[in-house]
*Asks:* 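Here it is: the structure, laid out below.
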Number of protein chains: 2
Amino acid sequence: MLDDRKAAILRAVVEEYIETAQPVGSAAVSHAPGLAVSSATVRNEMNALERDGYLVQPHTSAGRVPTDKGYRFFVDSLTPNQRLEPSQSEQVRTFFARAHGELERMLSDTSRFLAGLTDYAAVVVRDSEDPARIKSAQLVSLTSQVVLLVVVLASGVVEKRTLELPDPVDEVVVGAASARLAAHVVGDTYGRPLGVPPSATPEVDTVVDAAVAALVPGPDSDHQPQVYVGGVSRMASAFDAVGTIRQVLDTLEQQYVLVSLVKDVLDRGLSVAIGAEHGVVPLADCSIVVAPYEVEGEPAGTVGILGPTRMHYEQTLAAVAVVSRRLGQALSKGAEDR
Amino acid sequence: MLDDRKAAILRAVVEEYIETAQPVGSAAVSHAPGLAVSSATVRNEMNALERDGYLVQPHTSAGRVPTDKGYRFFVDSLTPNQRLEPSQSEQVRTFFARAHGELERMLSDTSRFLAGLTDYAAVVVRDSEDPARIKSAQLVSLTSQVVLLVVVLASGVVEKRTLELPDPVDEVVVGAASARLAAHVVGDTYGRPLGVPPSATPEVDTVVDAAVAALVPGPDSDHQPQVYVGGVSRMASAFDAVGTIRQVLDTLEQQYVLVSLVKDVLDRGLSVAIGAEHGVVPLADCSIVVAPYEVEGEPAGTVGILGPTRMHYEQTLAAVAVVSRRLGQALSKGAEDR
DNA sequence: CGTTGGCGCTCCACGATACCGAGCGCTAGC
DNA sequence: GCTAGCGCTCGGTATCGTGGAGCGCCAACG
């Protein structure tokens with residue numbers, strides 16, 4: 001749709017603008033590598049590019065700035081064999097060599113690491129596993145009327161619920177209930193209604209029933225946080241308007257917005273959403289780069305980067321791709337022989 | 001040290017500055033309630049206040065701005081019977097009426113709630129309980145070589161560690177190890193070296209030993225996050241310099257800085273630290289208001305607010321006090337009959 | 001016919017200037 | 001000791017002018 005020269009010019013404009021954040025003039029582009037034309041020619045071409053919606057002028061007789069459509073073309077024309085810079089590869093290697101520990105910690109650390117790697121805000125979203133095999137269910141009596149339900153899923157996710165019982169219950173009863181629950185529920189699928197047949201002791205059954213009820217995710221009893229955001233402070237450097245910063249940070253704090261944003265982008269088969277392409281209005285000046293990660297061959301979550309529309313797409317795409325892959329590997333560790 | 005009139009003038013200046021963020025002139029103050037003097041008199045007094053370090057002029061012949069010392073006097077002269085506004089009380093009531101669920105979730109929700117209540121950033125720091133009674137310890141086999149250790153403490157804290165075993169271990173062995181671990185460790189104090197005598201099966205002992213080792217907090221195996229920060233986006237509105245915002249957000253992401261900051265303020269017996277009073281340089285334009293909360297009469301953590309030096313101290317103090325008290329109550333629920 | 005050099009035009013950014021008003025310090029009088 | 005008033009100092013804003021970046025258009029050229 002764009003001839004070679006227009007494409008080259010558009011790419012040059014985008015690159016220049018990403019570097020400088022200033023409207024790009026025809027002269028700057030005419031000296032771009034791979035282009036040997038006069039600025040006048042560039043002007044003509046830019047004119048056409050503007051007519052076609054790839055560029056805009058902030059005002060008459062100023063340089064050009066890419067539109068979302070312009071960025072989109074730029075991103076789509078990137079060669080997919082992105083490679084990280086050596087120093088970044090090194091960082092990735094040492095991080096994942098040292099990284100260990102429990103799932104939540106791992107995801108949270110990864111989000112922070114990715115933010116540091118790219119200098120943008122990073123998100124890690126853990127898919128709620130469905131179906132999720134229950135590896136362990138246990139009841140712990142905290143006080144006479146409060147019992148903690150701890151469920152471990154096959155992925156290593158630990159779900160917690162407190163049960164508040166109507167009447168005080170002895171620790172022994174809780175122990176019995178715990179055993180009974182474990183016996184009937186382990187191996188089942190989390191999130192589906194579960195049946196535990198009544199036992200001989202009604203007291204025990206009360207506790208078990210409460211636990212089973214808590215296992216079925218209700219409308220408000222949503223799961224533990226499944227989003228990990230790192231490097232929000234980096235959004236402050238990305239914009240110069242305080243209002244924009246505030247909006248973006250605000251949105252970043254609304255976890256469900258983030259989750260559905262990431263999900264939406266993935267569902268549309270994209271790995272990059274630019275500016276208004278995603279529907280989230282307060283993030284109109286932002287782009288998001290996502291890549292799902294897989295544990296043992298199954299999709300398990302997504303890592304992503306949120307940055308200004310004028311972000312370094314090539315490096316970010318590479319970083320997100322590499323980190324998602326390595327994260328998946330790290331989480332699959334020792335699992336291939338299940 | 002300050003006569004009544006100077007104190008009244010200083011208070012008026014601080015209040016006015018907090019509202020307007022503009023240097024306060026003598027005329028504005030002379031009409032303040034409780035003051036019936038001419039602006040000239042106010043000027044004289046302000047002059048003295050500036051000489052004594054309570055006020056500064058941004059430049060010659062401008063109004064006055066409070067110094068940290070000025071804020072300090074203001075805060076210290078607040079009557080401690082702060083009360084929330086009715087609408088806020090209502091919010092607190094409904095929040096804690098609806099609030100339930102597991103400890104971590106509770107603390108995280110509280111930080112967000114407090115941020116919304118005050119319109120500043122809120123932090124909740126959970127003290128690492130010491131000594132912490134172990135209520136439950138359990139091993140769950142995730143893969144043949146990876147075992148998840150789940151420990152429940154008396155406070156309801158759930159600690160998780162993954163153990164990577166050198167050799168594949170059968171689930172049955174893990175089960176045995178889990179039972180053995182529970183038998184010997186429940187009731188002990190978390191964080192101290194624990195002894196589990198060797199059993200008849202060396203295989204089981206290997207797993208148990210790994211678990212015991214993981215229970216002793218090593219230098220790098222620090223605990224799960226114990227800080228919950230809410231409302232960071234509100235810091236963006238508090239300042240107009242992007243650089244400041246970035247610095248503050250940066251600092252807010254460094255959890256250990258936050259923890260030691262809060263701890264430090266409490267250790268000095270303060271409930272408010274203003275500007276440079278706390279040593280954290282990037283937060284020089286911020287004040288922090290803290291209040292510890294108690295569960296079952298024992299200190300269990302701290303809630304706090306981070307805002308600009310020119311924050312609404314009276315309301316914030318009240319909010320922090322109320323929320324810390326209610327949080328403590330909520331977490332003690334059903335515990336008085338232990 | 002595409003490309004290019006050139007010309008004129010537009011508009012922003014920046015500095016200089018002037019002006020206004022807020023607010024102070026000081027002093028003289030009550 | 002308080003107050004009214006005067007003069008002075010600055011910062012903020014508006015106005016103006018200028019320089020330069022960059023465009024659009026056109027005519028000429030290969």
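Proteins get letters first, then strands, A, B, ... in listed order; numbering begins at 1 in each.
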*Asks:* Touch check for B:S26, heavy atoms < 4.0 angstrom, all strands: base, sugar-phosphate only, or nothing?
*Replies:*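 Sugar-phosphate: the residue B:S26, judged by heavy atoms under 4.0 Å, touches backbone atoms but no base.
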
*Asks:* What is the distance, rounded to the nearest whole Å, between atom CD1 of B:I9 and atom P of C:dC24?
*Replies:*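 In whole Å, C:dC24 P and B:I9 CD1 are 11 Å from each other.
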
*Asks:* Flag the pair A:R246 and A:D250 as a salt bridge only when some basic side-chain nitrogen lies within less than 4.0 angstrom of an acidic carboxylate oxygen.
*Replies:*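 Between A:D250 and A:R246 there is a salt bridge, with a charged N closer than 4.0 Å to a carboxylate O.
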
*Asks:* After noting the C-alpha distance and the side-chain angles of B:D76 and B:R72, does the key distance pass the salt bridge (charged side-chain N to carboxylate O under 4.0 Å, His left out) rule?
*Replies:* CA-CA 6 Å; B:D76 287 344; B:R72 169 52 63 192; 3.1 Å; yes

*Asks:* How close or far is atom C1' of D:dG22 from atom NE2 of A:H31, stated in whole angstroms?
*Replies:*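 My rounded result for the distance is 14 Å.
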
*Asks:* Give the rounded distance in Å between these two atoms: CG of A:N44 and C1' of C:dC1.
*Replies:*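 Rounded to whole Å, this separation is 13 Å.
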
*Asks:* Taking CD from B:E16 and P from C:dA22, how many angstroms apart are they, rounded to a whole number?
*Replies:*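 Rounded to the whole Å, the gap is 14 Å.
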
*Asks:* Quick one, which residues of residues 45-66 of chain A touch DNA chain C with a heavy atom under 4.0 Å?
*Replies:* A:H59, A:T60, A:S61

*Asks:* Using 30° and 60° as the class boundaries, would you call the ring planes of A:F95 and A:F113 parallel, tilted or perpendicular?
*Replies:* parallel

*Asks:* Which one of A:I288, A:L114, A:L306, A:T316 satisfies the side chain to side chain contact (heavy atoms under 4.5 Å, CB included) criterion with A:Y120?
*Replies:* A:T316

*Asks:* Expressed as a whole number of angstroms, how long is the span from B:R43:CZ to D:dC6:P?
*Replies:* 13 Å

*Asks:* Any chance the side chains of A:E15 and A:H312 put a donor and an acceptor closer than 3.5 Å?
*Replies:* no

*Asks:* Quick one: is A:T41 getting a side-chain N or O under 4.0 Å of the C:dT4 phosphate, OP1 or OP2?
*Replies:*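 Result: yes.
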
*Asks:* Take the protein atom CD of A:Q22 and the nucleotide atom P of C:dC12, then report the distance between them rounded to whole Å.
*Replies:*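 To the nearest whole Å, that distance equals 15 Å.
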
*Asks:* Nearest-nucleotide wise, let me know which of A:A27 and B:S38 is further upstream toward the 5' end of DNA chain D.
*Replies:* B:S38

*Asks:* Any side-chain donor-acceptor pair under 3.5 Å between A:S111 and A:S108?
*Replies:*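 No.
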
